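Below is one structure, written out as structure tokens, with a few remarks after it.
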Amino acid sequence: MRIDTPVAIVGAGPAGLLLSHLLHLEGIESVVIEIRSRDYVEHRVRAGVLEQGTVDVLDECGAAERMHREGLVHRGIELRFDGRRHRIDFPGLTGGRSIVVYGQQEVVKDLIRLRLAAGGRILFEADDVSVHDLESSAPRVRFLKGGEEIELACRIVAGCDGFHGVCREAIPAGVLSFYERVYPFAWLGILAQAPPPSEELIYACHERGFALYSMRSPAISRLYLQVAPDEETVNWPDARIWRELNRRLGDGARLDEGPILEKGVTGMRSFIAEPMQFGKLFLAGDAAHIVPPTGAKGLNIAVADVRVLSRAIAEYFASGTETLLKAYSQTCLKRVWRAERFSWWMTAMLHRFPEHDGFQHRLQRSELDYVVSSRAASASLAENYVGLPFDT
Ligand code: FAD
Ligand code: PHB
């Protein structure tokens, strides 16, 4: 079976779904193909911090109604180290900007509902997805759906299929340059039915390793622990997790413990593929770049990418002009590298590195001390955390 569509979007994560919605608002239809089921993508627990700019994009495109009802506006974070607690006040340091804590899977649910209500096509549980003729003006995407072979005939392919997707891999060897750092640790993340010990996120740098306290609602906590890179969840029974969280995050008071609803280990890497384009294939989000989660930037740069891409595609279909499409990669990479730098810096400042000697360890402490004692340094952290304004 063949389906004609102006834009084929591979991947129904935040990048693919938001792109499809933004294009729809520009009068451009698309088909989204996703290897997983709807239930799976709607329940995959991942990011939780939305920058002010991401909130603004969701607002402008009418996808923020539930987020405003259920999301938690946060005006700061706490840094904890050496028994000290320091608050970074976002609005005070950034001229009034803040963030919203709202689960990524909730954003995904909202976007799927919006797309389907508008008659948008999202084909879940597609197998053997492949992309073809990317250098021609008529690229194609092929896949199997319920055993049937389907071909999407399109003019633009958006590769929004995450880090392990097929789109980046389909670009011939030698075209892309890769920039990468793999960190010598991972994060063990849990979702727990336990009330928050604090109204704001706590980033803790502890001699036993980094810990992060976040949340999803006044009754659900999201907590992370730095663990070995090859760690497995079977080694972390619930009691061990709570013991370790109490050690690293506790400042005398015990955390409220509750049933652990979800457990997972995430490797930490920085990765950028340049350029984010090959012929009529445009990569967006994790398909093109990965950040370690310490800066809470991954979802936010995925949103920034598709904001740029939707405008470029709209220009292309409206006038046949490729100016914005040609500039796509360069426009995005500027913001991507800023997020990469910030995420790398937060990761380096807050984690325990096995190879660190006394010199590096003391530099790390001195950096934290500077960040919390200098208004300029606090402001630098705050303006990056809430997100730099969009250029245009
Ligand atoms: P994805 O969400 O990965 O979506 C890609 C989609 O493509 C998936 O649905 C996948 O199933 C599908 N797919 C894959 N292969 C194929 C194929 N061959 N064909 C069709 N479909 C395919 N970011 C933040 O901004 N803030 C945070 O607080 C934050 N915390 C995080 C915490 C953790 C533990 C993790 C793991 C990540 C975190 N991130 C955070 C990063 C954020 O989750 C990602 O950057 C974000 O999901 C990127 O969205 P995306 O749409 O580009 O990719
Ligand atoms: C989350 O709530 O999942 C979260 C928050 C901040 C981060 C990473 C993840 O830096």
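Everything quoted here is computed from the prediction, not taken from an experiment. Read the numbers this way: they start at 1 and go in the same order the structure lists the ligands and their atoms.
Residue Gln104 places every heavy atom at 4.0 Å or more from ligand 2.
Checked options His361, Gln226, His206; the residue passing with Arg352 is His361 (criterion: side-chain hydrogen bond (donor to acceptor under 3.5 Å, both in side chains)).
Between the Arg248 side chain and the Arg208 main chain, a donor and an acceptor come within less than 3.5 Å of each other.
In summary, the atoms of ligand 2 found under 4.0 Å from a heavy atom of Arg222, numbered by their order in the structure, are 3 (O). Listed by number with element, the atoms of ligand 2 under 4.0 Å from a non-hydrogen atom of Trp187 are 8 (C). Near Tyr203, meaning under 4.0 Å from one of its heavy atoms, ligand 2 places the atoms 6 (C), 7 (C), 10 (O).
Close N/O approach between Arg216 and ligand 2 is found [any backbone or side-chain N/O within under 3.5 Å].
With salt bridges taken as basic N to acidic carboxylate O contacts below 4.0 Å, none links Glu244 and Arg240. The residues Arg115 and Glu29 are annotated as salt-bridged, a charged nitrogen and a carboxylate oxygen being separated by less than 4.0 angstrom. Residues Glu51 and Lys297 are paired through a salt bridge, judged by an N-O separation under 4.0 Å between the basic side chain and the carboxylate. A salt bridge links Lys280 with Glu322: the distance from a Lys NZ or Arg NE/NH1/NH2 to an Asp or Glu carboxylate oxygen falls below 4.0 Å.
Around atom 10 (O) of ligand 2, the closest heavy atom drawn from Gly295, Pro292, Pro293 belongs to Pro293.
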May I have the N/O to N/O pairs between ligand 1 and the protein that fall below 3.5 Å, each with atom names and distance to one decimal?
unit_1, atom_1, unit_2, atom_2, d
ligand 1, 2 (O), Arg46, NH1, 2.9
ligand 1, 3 (O), Arg46, NH1, 2.9
ligand 1, 9 (O), Glu34, OE1, 2.6
ligand 1, 9 (O), Glu34, OE2, 3.3
ligand 1, 9 (O), Arg44, NH2, 2.6
ligand 1, 11 (O), Glu34, OE2, 2.6
ligand 1, 11 (O), Arg44, NH1, 3.4
ligand 1, 21 (N), Ile35, N, 3.4
ligand 1, 23 (N), Gly298, N, 3.2
ligand 1, 23 (N), Leu299, N, 3.0
ligand 1, 25 (O), Ala296, O, 3.1
ligand 1, 25 (O), Gly298, N, 3.1
ligand 1, 25 (O), Leu299, N, 2.7
ligand 1, 25 (O), Asn300, N, 3.3
ligand 1, 25 (O), Asn300, ND2, 3.2
ligand 1, 26 (N), Ala296, O, 3.3
ligand 1, 28 (O), Gly48, N, 3.2
ligand 1, 43 (O), Gln104, OE1, 2.7
ligand 1, 45 (O), Asp286, OD1, 2.7
ligand 1, 45 (O), Asp286, OD2, 3.3
ligand 1, 45 (O), Gly298, O, 3.4
ligand 1, 45 (O), Leu299, N, 3.3
ligand 1, 47 (O), Arg46, NH1, 3.0
ligand 1, 47 (O), Gln104, OE1, 3.4
ligand 1, 47 (O), Gln104, NE2, 2.7
ligand 1, 51 (O), Pro14, N, 3.3
ligand 1, 51 (O), Ala15, N, 2.9
ligand 1, 52 (O), Asp286, N, 2.9

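A side-chain donor from one of Tyr224 and Arg222 sits under 3.5 Å from a side-chain acceptor of the other. Judged purely by distance below 3.5 Å, without hydrogens or angles, the side chains of Ser270 and Tyr183 pair a donor atom with an acceptor atom. Defined by atom type and a distance below 3.5 Å, a donor-acceptor pair is missing between the side-chain atoms of Glu78 and His86.
Distance from atom 2 (O) of ligand 2 to its nearest protein heavy atom, with residue and atom name: Ser214 OG, 2.6 Å. Residue, atom and distance of the protein heavy atom nearest to atom 4 (C) of ligand 2 are Tyr224 CE1, 3.8 Å.
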